[in-house]
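Basis for what follows: all heavy atoms, side chains included, without hydrogens, waters or symmetry-related copies. Residue indices begin at 1 and follow the sequence shown.
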Amino acid sequence: MPKRSCPFADASPLQLKVHVGPRELSRGVFAERYSREVFGLPGTAPIVCSSCVRSVDGNAVCSQCDRALCGRCIYTCWSCGALACILCGLADYADDGEKTLCTSCAMFED
């Protein structure tokens with residue numbers, strides 16, 4: 001029985017074996033992961049505030065949506081004392097000034 005003929009003719013590119021070394025890996029698709037594994041570089045991005053996209057200086061988290069907050073974007077509920085972000089905190093303008101309510105307490109306010 002004779003050999004099969006090549007179905008691609010001369011238009012197909014040559015398929016060669018290529019050596020992939022550390023240099024190619026460090027520049028490829030998984031370059032960041034490879035450099036973290038090999039060189040021990042930290043690969044975590046800094047945590048940013050969900051409201052203003054500043055770097056978070058502490059570990060304050062919104063009690064309603066669990067998003068990270070910086071010191072400038074923390075609102076404290078005057079009813080229960082829970083921390084709230086700008087999206088979950090509701091401003092209550094009373095006679096004695098502005099007060100912030102979390103969404104849980106705002107449901108029960110008149």
Side-chain angles (χ1 to χ4, degrees):
M1 184 166 192
K3 282 178 113 180
R4 288 187 307 179
S5 62
C6 180
F8 303 112
D10 294 332
S12 66
L14 294 175
Q15 297 180 0
L16 302 173
K17 291 184 179 179
V18 178
H19 173 72
V20 179
R23 183 181 208 177
E24 289 81 11
L25 285 174
S26 66
R27 295 180 182 172
V29 177
F30 297 110
E32 183 181 342
R33 188 178 86 185
Y34 178 76
S35 61
R36 271 188 274 136
E37 289 173 0
V38 172
F39 302 113
L41 300 174
T44 59
I47 299 172
V48 294
C49 177
S50 62
S51 298
C52 66
V53 195
R54 287 189 190 100
S55 180
V56 175
D57 49 2
N59 56 358
V61 176
C62 177
S63 64
Q64 307 296 311
C65 65
D66 294 329
R67 293 181 181 163
L69 298 171
C70 70
R72 295 182 182 175
C73 298
I74 295 174
Y75 296 97
T76 306
C77 177
W78 66 271
S79 180
C80 69
L83 298 179
C85 66
I86 196 166
L87 299 173
C88 298
L90 302 171
D92 183 24
Y93 298 101
D95 295 334
D96 54 343
E98 179 182 347
K99 295 180 179 178
T100 304
L101 289 171
C102 66
T103 53
S104 300
C105 293
M107 286 191 314
F108 300 113
E109 283 292 313
D110 292 330

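For the atom pair CG of Leu101 and OH of Tyr75, the computed distance is 13.5 Å after rounding to the nearest 0.5 Å. Cys77 SG to Gln64 CD: the interatomic distance, rounded to the nearest 0.5 Å, is 8.0 Å.
Of the listed residues (Val56, Leu83, Asp66, Ile74), just one forms a side chain to side chain contact (heavy atoms under 4.5 Å, CB included) with Val61, and that residue is Asp66. With Cys73 as reference, Cys52 is the one residue of Cys85, Cys62, Cys52 to meet the side chain to side chain contact (heavy atoms under 4.5 Å, CB included) rule.
Between Thr100 and Gly89, the closest heavy-atom pair is CG2-CA, 4.1 Å. For the pair Ala84 and Leu69, the tightest heavy-atom approach, listed with the atom from each and the gap, is O-CD1, 3.8 Å. Shortest non-hydrogen contact noted between Ala82 and Ser63 is CB-OG, 3.4 Å.
Within the 4.5 Å cutoff, side-chain heavy atoms of Cys80 are placed close to those of Cys102.
Atom CD1 of Ile86 has 12 or fewer heavy atoms from other residues, nucleotides or ligands within 6.0 Å.
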